[in-house]
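Reviewing the structure listed below.
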Amino acid sequence: MTLHSAKIGQPVSRIDGLAKVTGQARYAAEPHPAGMLYGFIVNSPIARGRIETIRDEAARAVPGVVEIMTHLNRPHSALFEKSYMDGLGVPGSPYRPLHDAEISFNGQPVAVVLAETFEAAREAAMLLEVDYERWPHNADFEASLHQKYMPSKTRSNYVPPKSRGNAAEAYALSPIKIEGRYHLAPEHHNPMEMHATTVIAEDDGTFTVWDKTQGPQAVQAYLTSALSLSKDQVRVRNPYVGGAFGSGLRAQHNVFLAALGAKMLKRSVRITLTRQQMFTHVFRPEAVMNIALGAQPDGTLQSMIVDGVTDTSRFEHNMENLVIWGLINYKCPNATADYKVAPRDTYTSSDMRAPGAATGVNLFEMAVDEMAYACNMDPLAFRLHNYSDIDAMHDMPLTSKALKEAMHEGAERFGWYNRPIAPKSMRDGKELIGWGMATGIWDAMFSPTSARATLIADGRLHIATAASDIGTGTYTILAQTASEAFGIPIEMIDIELGDSTLPECPTEGGSWTAASAGAAVWLACQSLREKLFKTLGKSGNISAWLTAGLSNNTTVLQDGFLQDKDADENLRLSLSEALSLTGQDRLEVEETAKPGLRGTISQMRKARFTHSAVFCEVRVDEELGIVRVTRLVNAVAAGRIMNPKTAASQVRGAMVMATGMALHEESLMDERVGRFMNHNFAEYHIPAHADIPDMDVLFVEEKDREVSPLGVKGVGEIGMCGTAAAIANAIFHATGQRHRSLPITPGN
Amino acid sequence: MTDVSVTSPCRLRINGEPCTIDIPPSVTLLDLLRERLDLTGTKKGCDHGQCGACTVLVNGKRVKSCLILAVSIPDAEVTTIEGLSRDGQMHPMQQAFLDQDAFQCGYCTPGQIMSAVALMEEGHVHTREEIREFMSGNLCRCGAYNGILDAIEQVIAQQQQDRAGEAA
Ligand code: FES
Ligand code: FES
């Protein structure tokens with residue numbers, strides 16, 4: 001079999017797939033060092049107060065229990081709050097596990113049982129008795145709204161809304177108006193793999209930490225700082241991550257506690273959260289948005305007024321870019337927005353897939369649908385009528401925006417143009433049928449990233465960067481990139497990711513990895529190729545070229561061989577031969593990709609986004625109110641698509657999650673105790689096979705040389721943005737009833 | 001209180017190999033596989049029978065191994081994802097999952113594959129709707145559902161072809 005280079009843009013099957021379908025891929029809870037202890041976390045059942053006494057006799061009596069770690073006996077960890085800051089940069093006082101007796105959220109770890117077996121640890125955890133002094137708390141979002149505020153220090157990625165014109169006056173003067181209060185329930189990420197950490201206490205006193213994280217280097221930095229360890233004492237690995245969707249952006253308490261236990265006992269420790277405990281940390285914040293829109297009778301938008309609030313904890317100020325999306329995406333002379341956070345006594349909310357936009361775009365697009373109907377216009381025509389070619393909020397040109405094309409291609413594929421405008425005009429027996437649409441928008445980000453490329457003696461190419469593949473296809477697209485950039489078959493490439501010791505790469509998230517790590521690998525491979533040619537030329541062994549009948553000027557590196565541009569295949573050198581001719585046993589380069597040549601300037605002069613147009617069909621049982629999504633089409637404009645196979649999976653996956661957002665997912669707060677009560681998969685429903693129809697994802701052509709060095713925008717989040725609104729809008733079209741609160745369940 | 005130090009003998013055949021081990025009766029089949037036998041291909045997603053990540057075959061039938069105490073199925077034949085491929089050859093279902101991009105993070109995947117293999121045996125594969133219904137015990141948070149269906153249909157099509165070939 002001849003092996004050929006797999007180019008960027010080809011639908012290559014995942015190179016990590018074999019390990020995954022055979023059960024060989026090892027996730028965070030799966031290495032098994034000798035003598036490892038199991039840690040089981042005991043959580044606070046109260047939301048605010050302090051620990052009075054801990055009675056651990058019964059728990060300690062369980063055979064196999066080695067230690068029970070609490071704030072009273074824990075080993076030294078850093079004193080200062082700032083040592084517990086993580087890469088996400090949420091302002092405030094980060095939670096410090098087992099720091100002292102104070103309780104600030106329900107589910108807060110109060111002890112960790114460390115035992116020889118999982119069964120013993122769990123048993124002892126149930127026997128631990130803790131008495132609390134209870135303080136009053138508030139966990140009710142609505143009740144917290146009157147305390148809403150703007151943090152004095154904002155999150156580093158926060159984009160403040162920018163007003164234009166005079167929105168209030170224009171609204172008052174608009175002949176057509178709509179106004180509503182839109183709401184999203186809190187949601188939990190619930191990756192299938194629960195958060196887990198295995199800390200391996202190595203013989204030399206160092207710790208190798210297998211953690212479920214999206215950023216091994218961020219966790220490494222956090223642990224060394226929070227546990228006062230030296231840099232070379234901790235190595236963090238996450239070669240396989242069983243989903244995360246944002247829950248692995250911050251170092252979670254399990255990694256801190258497992259490392260604390262390992263430090264205390266000088267033994268290997270594993271902590272795996274239970275599914276119930278997965279509801280004791282991060283979640284997508286509950287949100288409310290008041291949206292008022294004004295228009296002319298012909299559908300020309302005159303005014304947009306958005307004001308939104310998301311929740312945060314009492315100790316940190318988590319923020320989202322919630323209110324800006326409509327202001328950016330629509331042409332409208334007058335617009336204003338306001339954003340605040342409201343504190344309650346829970347753990348701090350955090351980023352979940354398309355943070356800010358998943359909520360803000362979907363709720364805004366539901367309002368846009370209402371406005372289109374108020375103007376008696378087709379929702380797609382209404383959007384085209386108010387289309388903006390620029391970032392209308394910053395009055396800035398865009399690197400590209402093929403949203404119009406996406407709207408047309410998506411509508412065509414869906415068959416949108418035959419749609420009767422009037423709601424409740426299609427039915428099939430007992431079921432009402434509705435068609436809805438929405439548009440989506442998400443940032444196209446790029447972060448400086450480094451990668452190493454090494455040619456080794458057997459002629460294989462080794463690529464390394466500290467990126468994480470959380471199911472995103474990163475292994476595969478980086479292999480394709482290397483294959484094309486270096487000229488070597490994908491089968492001859494090894495990709496190493498998920499290790500804090502590798503070249504620097506920012507935490508995976510925000511859909512920037514494909515663009516950023518891709519560019520770094522491209523650069524590294526190009527420069528390794530140059531180095532190979534240069535070294536061959538310099539090695540004095542010019543005859544090396546000649547032996548193979550090659551010359552420096554006409555030789556190309558292709559499909560893993562150095563060969564003459566147009567000579568036959570017999571005149572060629574394999575990479576291992578070429579390497580041995582250089583007299584070295586390896587050639588290596590490391591490169592850092594920064595925003596492209598023109599990029600540094602254009603990042604300031606031009607805005608950059610991914611766009612989409614989503615079309616949906618629902619069927620609603622008229623008697624029972626049960627909604628089925630029966631068709632979904634998503635046309636995505638995301639620049640260059642590196643691998644249409646894995647990219648389509650990414651978009652579909654987000655559309656599944658957005659279906660959950662529209663119809664199922666809701667973390668229900670019991671305000672009396674301040675706990676999310678439906679903390680399991682039976683009561684927190686994530687979409688199952690039967691909930692999901694065949695989904696059609698198409699990528700529209702969008703050439704963009706400015707957005708990132710490879711013209712890539714990233715596709716991890718865009719499927720979230722717009723899909724939930726398209727479903728909600730289809731439900732209106734089916735039933736004639738507006739729902740402004742997600743999820744839309746038969747009860748509401 | 002259960003005494004976790006009292007053990008009972010547990011005798012099984014796992015992926016064709018006999019397995020005899022003394023374990024506390026409270027150890028689930030899932031924890032036996034993952035924590036005591038280092039067969040970590042079978043995943044834990046909830047420990048409550050709600051997600052399907054732990055699906056294995058017991059005497060050829062799919063079960064959620066987190067809901068079974070290992071000592072309660074003496075002499076049972078257990079097949080896990082590690083036992084599905086033979087002599088380095090992937091099972092057609094594994095190959096189909098690869099071909100159809102039927103996973104992303106891969107965490108639910110062993111459970112989905114075991115479930116799909118059993119589903120074929122059960123014969124609940126007449127329509128896409130039927131497959132959806134009978135695969136709904138296996139959750140996938142990455143949302144690879146379309147690909148999983150495509151993979152199952154790929155295997156069905158192969159089997160039909162093989163049968164047609166035999167008949168001819
Ligand atoms: S772990 Fe067994 S069903 Fe979830
Ligand atoms: S592939 Fe990630 S949960 Fe299914």
Side-chain angles (χ1 to χ4, degrees), chain A residues 13-14 16-27 29-30 32 38 58 62-64 117-120 123 127 189-194 240-245 272 274-275 470-473 645-646 648-650 652-657 680-682 686-692 694-695, chain B residues 1-5 24 26-27 31 34-35 38-48 50-51 53 80-82 84-85 90-91 93-95 97-99 101-110 113 128-129 131-149:
Chain A
S13 291
R14 285 171 203 262
D16 51 335
L18 183 63
K20 285 175 174 175
V21 300
T22 55
Q24 300 308 312
R26 292 235 175 207
Y27 297 78
E30 297 177 351
H32 205 120
Y38 290 83
V62 173
T117 65
F118 170 67
E119 290 76 20
E123 181 73 17
L127 296 172
H189 304 67
N190 274 314
M192 289 309 295
E193 177 199 26
M194 298 168 295
Y240 296 102
V241 182
F245 317 109
T272 307
T274 62
R275 181 55 63 186
I470 61 172
T472 37
K645 192 169 179 171
T646 57
S649 290
Q650 284 272 92
R652 280 195 207 101
M655 291 164 75
V656 170
M657 200 175 270
N680 60 66
F681 280 139
I686 69 169
H689 277 280
D691 298 310
I692 299 302
D694 290 341
M695 295 172 288
Chain B
M1 173 180 160
T2 46
D3 188 341
V4 289
S5 61
S26 59
V27 174
D31 287 333
R34 284 174 64 81
E35 306 300 340
D38 203 31
L39 289 170
T40 54
T42 306
K43 305 302 183 193
K44 184 186 278 192
C46 70
D47 223 6
H48 280 60
Q50 298 167 348
C51 76
T80 71
I81 190 75
E82 291 92 344
L84 206 56
S85 28
M90 270 193 280
H91 186 282
M93 193 61 80
Q94 291 171 312
Q95 182 65 51
F97 266 63
L98 251 178
D99 295 343
D101 209 36
F103 56 90
Q104 293 183 41
C105 77
Y107 198 79
C108 73
T109 311
I113 291 176
R128 234 168 137 80
E129 281 323 301
I131 300 174
R132 281 199 169 97
E133 206 54 47
F134 281 86
M135 284 298 290
S136 279
N138 288 82
L139 299 176
C140 173
R141 188 53 156 166
C142 296
Y145 294 129
N146 282 186
I148 295 169
L149 252 65

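Excluded from the calculations below are hydrogen atoms, water molecules and symmetry mates; all remaining heavy atoms, backbone and side chain alike, are included. So that the names make sense, note that chain A is the first sequence line, chain B the second, and so on, each numbered from 1.
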Could you look at B:Asp38 and say if it's the side chain, the backbone, both or neither that has a heavy atom under 4.5 Å from chain A?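 Interface part for B:Asp38: both.
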
At a heavy-atom separation under 4.5 Å, does B:Asp47 approach chain A through its side chain, its backbone, both, or neither?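 The answer is the side chain of B:Asp47.
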
Is [Y] close to [X] at the side-chain level, that is, under 4.5 Å between some pair of heavy atoms?
X        : Y        : answer
A:His32  : B:Glu35  : yes
B:Gln104 : A:Arg14  : yes
B:Met90  : A:Val21  : yes
B:Phe97  : A:Lys20  : no
A:Glu30  : B:Arg34  : yes
B:Cys105 : A:Tyr240 : no

Out of [options], return the one with the most heavy atom pairs under 4.5 angstrom to chain A.
options                               : answer
B:Leu139, B:Leu84, B:Thr109           : B:Leu139
B:Ala144, B:Pro24, B:Cys46            : B:Cys46
B:Gly137, B:Ser85, B:Gly45            : B:Gly45
B:Glu82, B:Gln95, B:Arg128            : B:Arg128
B:Cys142, B:Ala53, B:Cys108, B:Ala102 : B:Cys142

Determine the option with the most heavy-atom pairs under 4.5 angstrom with chain B, choosing from [options].
options                                : answer
A:Asp16, A:Leu18, A:Thr274, A:Thr472   : A:Leu18
A:Gln650, A:His189, A:Arg26            : A:Arg26
A:Met695, A:Arg275, A:Met192, A:Lys645 : A:Met192
A:Asp694, A:Thr22, A:Asp691            : A:Asp694
A:Ser649, A:Ala244, A:Gly17, A:Gly243  : A:Ser649
A:Pro687, A:Ala19, A:Gly64, A:Ala654   : A:Pro687

Working to the nearest 0.5 angstrom, can you tell me the gap between A:Thr646 OG1 and B:Asp101 CG?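 Output value for this atom pair is 6.5 Å.
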
Quick one: closest heavy-atom pair of [X] and [Y], and the distance?
X        : Y        : answer
B:Leu98  : A:Ser13  : O-OG, 3.6 Å
B:Lys43  : A:Tyr27  : NZ-CD1, 3.5 Å
B:Ser26  : A:Glu119 : OG-CG, 3.9 Å
A:Ala688 : B:Ser136 : CB-O, 3.9 Å
B:Arg141 : A:Asn190 : CG-O, 3.2 Å

[X] versus chain B, heavy atoms under 4.5 Å apart: side chain, backbone, both or neither?
X        : result
A:Thr117 : side chain
A:Ala29  : both
A:Ile470 : backbone
A:Ala682 : both

Using modelled atom types and a 3.5 Å cut-off, is there a donor and acceptor pairing between side-chain atoms of B:Gln50 and backbone atoms of A:Phe681?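 Yes, B:Gln50 side chain to A:Phe681 backbone: donor-acceptor pair under 3.5 Å.
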
My understanding is that only residues two or more places apart in sequence, or in another chain, count here; which of them pass salt bridge (charged side-chain N to carboxylate O under 4.0 Å, His left out) with B:Glu133?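 For B:Glu133, no residue satisfies salt bridge (charged side-chain N to carboxylate O under 4.0 Å, His left out) once neighbours in sequence are set aside.
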
Sequence neighbours left out, what passes ring-ring contact (aromatic ring centres under 6.0 Å, His included) with A:His689? Give chain and number order.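 A:His689: ring-ring contact (aromatic ring centres under 6.0 Å, His included) contacts with B:Tyr145.
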
